[in-house]
Amino acid sequence: MKKSVTLLLSLLFVSSAVMAGCGNNNSGGSNGGAAATNAANATDAPATEEPASSEPFEMTIRHTQVGADKQKRLAILEDVVGKVQAEVPGLTFKLDGVDSDVNRKEKLRGEMAAGNPPEIFDLFGSPDSKIYAKEGKLLDLTPILEELGIKDKFSNLDPFTYEGKVYGLPIGGSGEGFFYNKEYYAGKGWQAPATFAELEQQLADIKADGKVPLAGASKAGWVPLMLANHLWSRYAGPDVTAKFATGEAKWSDPNVVKGFAKYKEWVDKGYFKKGELGFEYAEYTTQFTSGEAILMYDGTWKSSVFKTGQSGEGLIGKVGFFNIPPVDGGVGDQTALMRDVNNGYGFSASAGEDERQLAAVKSFINNMYNEEMQLRGLVEDGVLPAMKIDQSVLSENITDDLMSGIVAVLNTSESSFPAFDSLVQADVTTEISNIQIQKLIGGQTTPEKMGEALQKVQEEANAAVE
């Protein structure tokens with residue numbers, strides 16, 4: 001499962017693809033000279049291209065760039081929208097912003113079942129894209145990527161590939177780890193922890209100092225599960241989650257339960273803010289940017305907050321990033337880091353049946369997936385490139401210490417693993433995200449019972465696909 005960051009920051013750079021025309025070419029030759037004499041059946045009238053219709057039409061883009069911390073990402077999307085509308089006569093895009101969790105687990109599922117998804121939409125790669133592709137709901141992008149000359153420009157399209165065809169495109173990559181307050185650490189004479197014991201001692205000392213060691217907000221289960229996922233992967237191995245759906249491993253295995261137990265231990269020791277089960281993700285960030293919490297486990301995308309004009313502006317130059325240190329007795333590569341390219345865009349299969357909608361899809365891909373936009377995502381929003389960009393170009397564009405530190409951590413990690421929800425079935429994701437992690441945090445279950453409950457749902461999900 002090795003995915004060195006050099007896959008994301010590799011040596012090829014993305015050249016702009018030239019958009020192919022979508023009108024019907026009825027040209028029978030040029031207007032004069034030798035070309036005309038070589039066409040025995042040519043008419044005297046010059047050949048012309050049939051003009052594209054400029055009748056107004058509307059398409060919807062479902063995006064998840066909502067909230068103050070995603071304004072940079074929204075601005076990039078809006079710039080692309082403007083370019084596409086200028087290129088495609090008559091087109092008007094309707095932007096439909098929806099919370100990521102709501103889009104993935106509620107709206108898009110319902111729309112797919114009803115057969116009326118938006119023409120362009122935020123799409124989770126694995127397993128969602130494969131499920132929708134199997135049902136014939138997604139547009140096959142393989143010939144479009146060939147036409148635009150970008151089929152080999154992506155670092156990894158596996159999450160969006162089904163039976164050898166591509167059904168979605170990742171907008172960027174991400175990794176997960178601890179953001180920490182370097183100013184506080186410097187005051188204590190600390191460095192980023194090199195061992196797990198050192199990390200735990202720091203958490204205890206921060207608590208004793210009257211500070212919140214770890215930002216916490218568990219109203220949405222995916223937030224605490226970022227850290228919990230990394231913990232069980234340290235104890236049971238970075239490849240353990242991939243084995244649940246095949247039956248090679250179980251949620252109730254002792255080493256997996258150790259990961260649950262360690263998370264619960266940190267909850268019981270008061271390392272998270274009291275009442276965090278009722279906090280939304282926005283509060284998670286605020287705890288850290290306000291200085292209330294000293295550590296925050298989050299995705300590398302969070303680096304965008306620590307820029308001029310953003311909510312964490314006051315911490316510019318004062319934030320560092322580190323990977324979870326090795327645990328004693330842990331299985332497998334103890335440098336492994338959660339990293340993937342699972343967030344992106346998909347396109348309705350119905351868009352391929354309308355010439356003008358298909359032209360808009362091609363224009364959207366051409367304007368969104370190029371070096372300029374990938375670099376904007378990296379520099380403005382902290383999103384790692386999903387396309388191959390020359391290392392020298394990246395070095396020229398990475399100018400802040402935090403992003404340089406993040407890249408250094410990613411380069412130190414020898415392997416990676418995807419998040420749990422890209423590896424297990426939807427029912428299992430729902431069970432752990434909406435029920436079990438909150439019960440564990442709230443003291444309504446034990447690590448052992450949590451493992452047993454998840455394994456029961458896992459076995460039912462595995463049996464359903466046999």
Side-chain angles (χ1 to χ4, degrees), residues 8 12-23 52-54 56-65 70-97 117-123 125 138-155 157 160 166-173 304 341 343-348 351-352 354-390 393-394 397:
L8 293 172
L12 295 175
F13 86 92
V14 182
S15 59
S16 297
V18 178
M19 179 67 185
C22 297
S53 170
S54 59
F57 72 107
E58 184 178 89
M59 294 174 67
T60 297
I61 298 178
R62 165 75 50 67
H63 67 90
T64 58
Q65 317 316 328
K70 293 187 178 181
Q71 291 307 299
K72 296 288 188 181
R73 214 170 305 177
L74 178 60
I76 293 173
L77 174 60
E78 289 174 336
D79 286 351
V80 170
V81 164
K83 292 178 180 179
V84 177
Q85 289 180 156
E87 290 179 2
V88 181
L91 172 64
T92 298
F93 274 128
K94 174 186 175 184
L95 292 182
D96 179 24
E119 288 83 12
I120 302 174
F121 46 86
D122 186 276
L123 176 66
L138 299 179
L139 178 65
D140 176 11
L141 305 180
T142 313
I144 295 176
L145 300 184
E146 290 271 6
E147 180 182 333
L148 298 179
I150 59 173
K151 72 181 184 69
D152 297 321
K153 300 297 186 181
F154 291 85
S155 59
L157 289 174
F160 296 91
V166 179
Y167 290 94
L169 297 173
I171 196 59
S304 64
V341 286
N343 288 98
Y345 284 101
F347 307 84
S348 171
D354 183 294
E355 183 179 1
R356 300 174 75 198
Q357 289 190 9
L358 184 59
V361 167
K362 292 179 181 179
S363 179
F364 180 87
I365 292 173
N366 192 48
N367 282 289
M368 177 64 84
Y369 292 95
N370 54 59
E371 183 177 274
E372 176 190 356
M373 291 305 177
Q374 290 284 294
L375 287 174
R376 280 189 62 184
L378 174 66
V379 174
E380 298 176 17
D381 199 41
V383 176
L384 301 174
M387 301 180 80
K388 302 170 185 175
I389 299 177
D390 190 280
V393 176
L394 289 164
N397 283 274

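- Asn397 is linked by a side-chain contact (heavy atoms from CB on, under 4.5 Å) to Leu375, Val379, Val393, counting only residues two or more places apart in sequence or in another chain.
- Of the possible polar contacts, one joining the Arg356 side chain to the Pro89 backbone as a donor-acceptor pair under 3.5 Å is found.
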List the steps and the verdict of side-chain contact (heavy atoms from CB on, under 4.5 Å) for Glu371 and Ile389. CA-CA 7 Å; Glu371 183 177 274; Ile389 299 177; 4.0 Å; yes
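- In plain terms, the two heavy atoms of Pro385 and Leu394 that are nearest each other are CG-CD2, 4.1 Å.
- For the pair Asn366 and Leu148, the tightest heavy-atom approach, listed with the atom from each and the gap, is N-CD1, 4.1 Å.
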side-chain contact (heavy atoms from CB on, under 4.5 Å) assessment of Leu378 paired with Leu384: CA-CA 5 Å; Leu378 174 66; Leu384 301 174; 4.2 Å; yes
Would you sort out whether Glu87 and Ser363 count as a side-chain contact (heavy atoms from CB on, under 4.5 Å), showing the intermediate values? CA-CA 7 Å; Glu87 290 179 2; Ser363 179; 2.6 Å; yes
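- With sequence neighbours left out, the salt bridge (charged side-chain N to carboxylate O under 4.0 Å, His left out) criterion links Asp140 to no other residue.
- Checked by atom type and distance alone, the side chain of Lys94 never pairs as donor or acceptor with a backbone atom of Glu58 at under 3.5 Å.
- Judged as a side-chain contact (heavy atoms from CB on, under 4.5 Å), and not counting sequence neighbours, the contacts of Ile171 are Tyr345, Met368, Tyr369.
- Of the charged side-chain nitrogens involved, at least one lies within less than 4.0 Å of a carboxylate oxygen, so that Arg62 and Asp96 count as a salt-bridged pair.
- Residues passing the salt bridge (charged side-chain N to carboxylate O under 4.0 Å, His left out) test with Asp381 are Arg73, sequence neighbours excluded.
- For Gln374 (side chain) and Ala386 (main-chain N/O), a donor-acceptor pair under 3.5 Å exists by modelled atom type.
- At least one donor-acceptor pair closer than 3.5 Å links the side chain of Thr142 to the backbone N or O of Val166.
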Below 3.5 Å, can you tabulate the donor-acceptor pairs from side chains in residues 76-83 to any protein atom, sequence neighbours excluded?
residue: Asp79; atom: OD2; partner: Arg376; partner atom: NH1; Å: 2.7
residue: Asp79; atom: OD2; partner: Arg376; partner atom: NH2; Å: 3.2

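- With values rounded to the nearest 0.5 angstrom, Lys151 atom NZ is found 4.5 Å from Glu146 atom CD.
- Contact check for Thr64 versus Asn343: no side-chain heavy atoms found under the 4.5 Å cut-off.
- Taking Gln357 as the reference, Phe57, Met59, Glu119, Ala351, Asp354 meet the side-chain contact (heavy atoms from CB on, under 4.5 Å) condition, with sequence neighbours excluded.
- Across all their heavy atoms, Val383 and Gly173 have their closest contact at CG1-O, 3.9 Å.
- When all heavy atoms of Ser155 and Val341 are compared, the closest pair comes out as OG-CG1, 4.5 Å.
- Across all non-hydrogen atoms, the minimal contact from Phe160 to Leu169 is CD2-N, 4.0 Å.
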Between Leu358 and Phe347, does a side-chain contact (heavy atoms from CB on, under 4.5 Å) hold up when you go through it step by step? CA-CA 10 Å; Leu358 184 59; Phe347 307 84; over 6 Å; no
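- Residues Leu157 and Gly168 approach most closely at CD2-O, 4.3 Å, considering heavy atoms.
- Atom OG of Ser348 and atom CG of Leu138 lie 8.0 Å apart (nearest 0.5 Å).
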